[in-house]
A.B. asks: 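Before I ask anything, let me first share the structure, which is written out below as C-alpha coordinates.
Order of appearance sets the numbers: ligands from 1, and atoms from 1 within every ligand.
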Amino acid sequence: FFAEEAHRPLAGRRAIVTSGPTHEPIDPVRYIANRSSGKQGHAIAAALATLGADVTLVSGPTRLPDPPGCTVVAIETAREMLAACAAALPADIAVCAAAVADWRVDGASDRKLKKDGGRPPSLALTENPDILATLSRPGEGRPALVVGFAAETGDVLAYATAKRARKGCDWIVANDVSPGTGTFGGSDNTVHLIRADGVESWPTMAKDAVAARLAEAVAEHFAGK
Ligand code: CTP
Ligand code: CA
(Lines give C-alpha, C1' and ligand atoms only; values in the text may rest on other atoms or scores of the structure.)
(Ligands and ions follow the chains in the order given, each with its own letter.)
Protein backbone atom coordinates (compact mmCIF):
# COMPACT_ATOMS: atom_id res chain seq x y z
CA PHE A 1 0.00 0.00 0.00
CA PHE A 2 2.70 2.48 0.93
CA ALA A 3 4.72 1.75 -2.20
CA GLU A 4 1.58 2.26 -4.27
CA GLU A 5 0.97 5.57 -2.52
CA ALA A 6 4.51 6.72 -3.20
CA HIS A 7 4.41 5.92 -6.90
CA ARG A 8 0.85 7.02 -7.55
CA PRO A 9 0.58 10.14 -5.38
CA LEU A 10 -2.30 11.50 -7.49
CA ALA A 11 -4.48 8.38 -7.08
CA GLY A 12 -8.06 9.48 -6.42
CA ARG A 13 -7.51 12.92 -7.99
CA ARG A 14 -9.36 13.92 -11.14
CA ALA A 15 -7.62 16.00 -13.80
CA ILE A 16 -8.75 17.75 -16.98
CA VAL A 17 -6.08 18.52 -19.58
CA THR A 18 -6.66 20.49 -22.80
CA SER A 19 -4.33 19.93 -25.74
CA GLY A 20 -3.81 20.62 -29.41
CA PRO A 21 -5.20 23.32 -31.66
CA THR A 22 -8.84 24.06 -32.26
CA HIS A 23 -10.37 24.14 -35.72
CA GLU A 24 -12.90 26.88 -36.35
CA PRO A 25 -15.05 26.29 -39.42
CA ILE A 26 -15.36 28.81 -42.24
CA ASP A 27 -17.67 26.55 -44.24
CA PRO A 28 -18.12 22.73 -44.38
CA VAL A 29 -14.67 22.20 -45.98
CA ARG A 30 -12.50 25.02 -44.61
CA TYR A 31 -11.33 26.08 -41.18
CA ILE A 32 -9.05 28.40 -39.21
CA ALA A 33 -6.39 26.61 -37.16
CA ASN A 34 -2.85 27.00 -35.79
CA ARG A 35 0.40 25.02 -35.69
CA SER A 36 0.03 23.43 -32.25
CA SER A 37 1.16 19.79 -32.32
CA GLY A 38 -0.45 18.82 -28.99
CA LYS A 39 2.83 17.24 -27.86
CA GLN A 40 3.11 19.12 -24.57
CA GLY A 41 -0.55 18.73 -23.58
CA HIS A 42 -0.65 15.03 -24.42
CA ALA A 43 2.59 14.46 -22.48
CA ILE A 44 1.10 16.21 -19.42
CA ALA A 45 -2.03 14.07 -19.59
CA ALA A 46 0.13 10.92 -19.73
CA ALA A 47 2.39 12.12 -16.89
CA LEU A 48 -0.56 12.90 -14.58
CA ALA A 49 -2.05 9.47 -15.36
CA THR A 50 1.30 7.84 -14.56
CA LEU A 51 1.13 9.43 -11.11
CA GLY A 52 -2.31 7.90 -10.63
CA ALA A 53 -4.67 10.73 -11.59
CA ASP A 54 -7.94 9.99 -13.35
CA VAL A 55 -7.31 12.10 -16.47
CA THR A 56 -9.74 13.41 -19.07
CA LEU A 57 -7.83 14.77 -22.05
CA VAL A 58 -9.89 17.18 -24.14
CA SER A 59 -8.05 17.55 -27.41
CA GLY A 60 -8.36 19.30 -30.72
CA PRO A 61 -7.20 17.53 -33.89
CA THR A 62 -3.59 16.24 -33.63
CA ARG A 63 -1.55 13.50 -35.24
CA LEU A 64 -0.75 11.97 -31.86
CA PRO A 65 -1.91 8.63 -30.45
CA ASP A 66 -4.16 8.75 -27.40
CA PRO A 67 -1.96 8.81 -24.27
CA PRO A 68 -2.23 5.59 -22.26
CA GLY A 69 -4.51 5.55 -19.24
CA CYS A 70 -6.50 8.69 -20.15
CA THR A 71 -10.09 9.24 -21.20
CA VAL A 72 -9.82 11.17 -24.45
CA VAL A 73 -12.55 13.52 -25.69
CA ALA A 74 -11.94 14.66 -29.27
CA ILE A 75 -13.30 18.07 -30.16
CA GLU A 76 -12.77 20.56 -32.98
CA THR A 77 -13.87 24.02 -31.90
CA ALA A 78 -13.19 26.16 -28.83
CA ARG A 79 -16.84 26.06 -27.91
CA GLU A 80 -16.80 22.26 -28.05
CA MET A 81 -13.63 22.26 -25.91
CA LEU A 82 -15.33 24.40 -23.28
CA ALA A 83 -18.42 22.17 -23.26
CA ALA A 84 -16.28 19.02 -22.94
CA CYS A 85 -14.30 20.54 -20.05
CA ALA A 86 -17.51 21.58 -18.29
CA ALA A 87 -18.86 18.04 -18.74
CA ALA A 88 -15.67 16.59 -17.23
CA LEU A 89 -16.09 18.56 -13.98
CA PRO A 90 -15.75 18.14 -11.06
CA ALA A 91 -11.97 17.91 -11.08
CA ASP A 92 -9.14 18.63 -8.66
CA ILE A 93 -6.71 19.72 -11.36
CA ALA A 94 -7.08 21.50 -14.70
CA VAL A 95 -4.15 22.03 -17.06
CA CYS A 96 -4.93 24.12 -20.14
CA ALA A 97 -2.22 23.39 -22.67
CA ALA A 98 -4.37 23.77 -25.78
CA ALA A 99 -3.66 26.45 -28.37
CA VAL A 100 -7.24 27.62 -28.53
CA ALA A 101 -8.11 29.77 -31.56
CA ASP A 102 -8.77 33.23 -30.17
CA TRP A 103 -11.42 33.92 -32.81
CA ARG A 104 -13.97 31.99 -34.81
CA VAL A 105 -15.86 32.99 -37.92
CA ASP A 106 -19.03 34.75 -36.99
CA GLY A 107 -21.81 32.91 -38.77
CA ALA A 108 -19.86 30.17 -40.55
CA SER A 109 -21.59 29.07 -43.74
CA ASP A 110 -23.30 25.65 -43.88
CA ARG A 111 -22.71 25.69 -47.64
CA LYS A 112 -19.34 25.65 -49.34
CA LEU A 113 -18.32 29.18 -50.30
CA LYS A 114 -17.95 29.44 -54.09
CA LYS A 115 -15.84 31.66 -56.33
CA ASP A 116 -18.81 33.10 -58.09
CA GLY A 117 -16.88 35.65 -60.12
CA GLY A 118 -17.35 38.36 -57.54
CA ARG A 119 -15.01 39.62 -54.84
CA PRO A 120 -13.34 37.25 -52.36
CA PRO A 121 -15.48 36.76 -49.25
CA SER A 122 -14.52 38.67 -46.12
CA LEU A 123 -14.65 36.81 -42.85
CA ALA A 124 -16.12 38.49 -39.80
CA LEU A 125 -14.50 37.13 -36.64
CA THR A 126 -15.82 36.93 -33.13
CA GLU A 127 -13.95 36.07 -29.93
CA ASN A 128 -14.00 32.52 -28.61
CA PRO A 129 -14.74 31.66 -24.98
CA ASP A 130 -11.66 31.53 -22.75
CA ILE A 131 -11.57 28.03 -21.32
CA LEU A 132 -8.73 28.69 -18.85
CA ALA A 133 -10.39 31.86 -17.50
CA THR A 134 -13.73 30.05 -17.24
CA LEU A 135 -12.23 27.12 -15.29
CA SER A 136 -10.35 29.60 -13.06
CA ARG A 137 -13.43 31.56 -12.08
CA PRO A 138 -13.86 31.44 -8.31
CA GLY A 139 -16.80 29.50 -7.02
CA GLU A 140 -18.06 26.09 -6.15
CA GLY A 141 -16.74 23.49 -8.55
CA ARG A 142 -13.54 25.35 -9.39
CA PRO A 143 -10.69 22.84 -9.59
CA ALA A 144 -8.34 23.31 -6.61
CA LEU A 145 -5.36 23.77 -8.94
CA VAL A 146 -5.72 25.44 -12.34
CA VAL A 147 -2.64 25.66 -14.56
CA GLY A 148 -2.35 27.65 -17.77
CA PHE A 149 0.30 28.07 -20.42
CA ALA A 150 1.65 31.28 -21.88
CA ALA A 151 3.51 31.11 -25.15
CA GLU A 152 5.17 34.48 -25.49
CA THR A 153 7.84 36.41 -27.36
CA GLY A 154 9.83 39.34 -25.98
CA ASP A 155 9.54 39.91 -22.22
CA VAL A 156 8.21 36.40 -21.56
CA LEU A 157 8.10 36.61 -17.75
CA ALA A 158 6.36 39.99 -17.65
CA TYR A 159 3.70 38.97 -20.17
CA ALA A 160 3.15 35.60 -18.48
CA THR A 161 2.92 37.09 -14.98
CA ALA A 162 0.29 39.53 -16.24
CA LYS A 163 -1.53 36.66 -17.96
CA ARG A 164 -1.65 34.65 -14.72
CA ALA A 165 -3.36 37.56 -12.96
CA ARG A 166 -5.74 38.23 -15.86
CA LYS A 167 -6.86 34.62 -16.20
CA GLY A 168 -7.14 33.97 -12.47
CA CYS A 169 -5.31 30.65 -12.67
CA ASP A 170 -2.95 29.38 -9.96
CA TRP A 171 0.12 28.56 -12.04
CA ILE A 172 1.34 29.59 -15.46
CA VAL A 173 3.86 27.61 -17.46
CA ALA A 174 5.54 30.24 -19.62
CA ASN A 175 7.65 29.57 -22.65
CA ASP A 176 9.48 31.57 -25.27
CA VAL A 177 8.20 30.83 -28.76
CA SER A 178 10.40 33.31 -30.63
CA PRO A 179 11.59 32.09 -34.03
CA GLY A 180 14.65 29.88 -33.59
CA THR A 181 13.59 28.40 -30.23
CA GLY A 182 11.90 25.48 -32.05
CA THR A 183 9.24 25.20 -29.36
CA PHE A 184 6.17 25.18 -31.55
CA GLY A 185 5.99 21.71 -33.09
CA GLY A 186 9.44 20.78 -31.74
CA SER A 187 10.21 18.16 -29.09
CA ASP A 188 11.97 20.38 -26.55
CA ASN A 189 10.65 23.16 -24.37
CA THR A 190 12.24 25.82 -22.16
CA VAL A 191 9.75 26.88 -19.51
CA HIS A 192 9.33 29.00 -16.41
CA LEU A 193 6.83 27.93 -13.75
CA ILE A 194 5.12 31.04 -12.38
CA ARG A 195 3.29 30.67 -9.08
CA ALA A 196 2.00 33.13 -6.47
CA ASP A 197 5.30 32.93 -4.61
CA GLY A 198 7.67 33.38 -7.52
CA VAL A 199 9.23 32.00 -10.68
CA GLU A 200 11.14 28.77 -11.19
CA SER A 201 13.09 28.57 -14.47
CA TRP A 202 13.70 25.07 -15.74
CA PRO A 203 16.49 24.03 -18.11
CA THR A 204 15.61 23.17 -21.70
CA MET A 205 14.34 19.61 -21.79
CA ALA A 206 12.16 17.26 -23.80
CA LYS A 207 8.43 17.99 -23.61
CA ASP A 208 7.98 14.59 -21.94
CA ALA A 209 10.43 15.63 -19.22
CA VAL A 210 8.66 19.00 -18.76
CA ALA A 211 5.42 17.04 -18.37
CA ALA A 212 6.91 14.67 -15.79
CA ARG A 213 8.34 17.54 -13.77
CA LEU A 214 5.07 19.47 -13.89
CA ALA A 215 3.15 16.37 -12.77
CA GLU A 216 5.62 15.98 -9.87
CA ALA A 217 5.04 19.62 -8.90
CA VAL A 218 1.28 19.00 -8.95
CA ALA A 219 1.71 15.93 -6.75
CA GLU A 220 3.90 17.87 -4.29
CA HIS A 221 1.30 20.64 -4.19
CA PHE A 222 -1.41 18.19 -3.15
CA ALA A 223 0.94 16.48 -0.71
CA GLY A 224 1.36 19.89 0.91
CA LYS A 225 5.10 20.05 0.30
N1 CTP B 1 -6.73 29.70 -23.44
C2 CTP B 1 -7.98 29.11 -23.30
N3 CTP B 1 -9.01 29.56 -24.10
C4 CTP B 1 -8.81 30.56 -24.99
C5 CTP B 1 -7.54 31.15 -25.12
C6 CTP B 1 -6.51 30.70 -24.33
O7 CTP B 1 -8.15 28.21 -22.49
N8 CTP B 1 -9.82 30.97 -25.72
C9 CTP B 1 -5.65 29.24 -22.55
C10 CTP B 1 -4.54 28.49 -23.22
O11 CTP B 1 -4.80 27.11 -23.24
C12 CTP B 1 -3.35 28.83 -22.33
C13 CTP B 1 -3.67 30.21 -21.81
O14 CTP B 1 -5.08 30.38 -21.99
O15 CTP B 1 -3.32 27.98 -21.20
C16 CTP B 1 -2.96 31.33 -22.48
O17 CTP B 1 -3.22 31.31 -23.85
P18 CTP B 1 -2.73 32.52 -24.72
O19 CTP B 1 -3.12 32.32 -26.14
O20 CTP B 1 -1.28 32.76 -24.40
O21 CTP B 1 -3.58 33.70 -24.03
P22 CTP B 1 -4.60 34.74 -24.60
O23 CTP B 1 -5.41 35.20 -23.44
O24 CTP B 1 -5.34 34.19 -25.77
O25 CTP B 1 -3.69 35.95 -25.01
P26 CTP B 1 -2.89 36.28 -26.38
O27 CTP B 1 -3.54 37.53 -26.88
O28 CTP B 1 -1.47 36.50 -25.91
O29 CTP B 1 -3.03 35.11 -27.33
CA1 CA C 1 -4.38 33.28 -27.64
A.B. asks: Quick one, list the residues around ligand 1 where some non-hydrogen atom comes in under 4.0 Å, by chain and residue number.
C.D. replies: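 For ligand 1, the contacting residues are Cys96, Ala98, Val100, Asp102, Pro129, Asp130, Ile131, Leu132, Gly148, Phe149, Lys163, Arg166, Lys167.
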A.B. asks: Count the heavy atoms belonging to other residues, nucleotides or ligands that lie under 6.0 Å from CZ of Arg79, then report whether that count exceeds 12.
C.D. replies: no
A.B. asks: Can you check whether Ile172 reaches Val147 side chain to side chain, under 4.5 Å on heavy atoms?
C.D. replies: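 Side chain of Ile172 against side chain of Val147, heavy atoms only: no contact under 4.5 Å found.
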A.B. asks: State, with a plain yes or no, whether a side-chain heavy atom of Lys39 is found less than 4.5 Å away from one of Val210.
C.D. replies: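 A side-chain contact is absent here, since even the closest heavy-atom pair is not under 4.5 Å.
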A.B. asks: With sequence neighbours excluded, tell me which residues meet ring-ring contact (aromatic ring centres under 6.0 Å, His included) with His192.
C.D. replies: none
A.B. asks: Looking at Asp92 and Arg14, does any basic side-chain N land under 4.0 Å from a carboxylate oxygen?
C.D. replies: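 Looking at Arg14 together with Asp92, the answer is no, because their closest N to O distance does not fall below 4.0 Å.
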A.B. asks: Determine, using the 4.5 Å side-chain heavy-atom cutoff (strictly less than), whether Ile16 and Ile75 are members of one ILVMFWY cluster.
C.D. replies: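 Cluster IDs for Ile16 and Ile75 match.
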A.B. asks: Between Arg142 and Asp170, does a side-chain contact (heavy atoms from CB on, under 4.5 Å) hold up when you go through it step by step?
C.D. replies: CA-CA 11 Å; Arg142 182 196 189 278; Asp170 302 296; 3.1 Å; yes
A.B. asks: Which of the protein's N, O or S atoms come within less than 3.0 Å of the Ca ion (ligand 2), not counting waters?
C.D. replies: Asp102 OD1, Asp102 OD2
A.B. asks: Would you please name every residue forming a ring-ring contact (aromatic ring centres under 6.0 Å, His included) with Phe222, sequence neighbours left out?
C.D. replies: none
A.B. asks: Could you point out which residue of Thr190, Thr204, Asn189 forms a side chain to side chain donor-acceptor pair (under 3.5 Å) with Asn175?
C.D. replies: Asn189
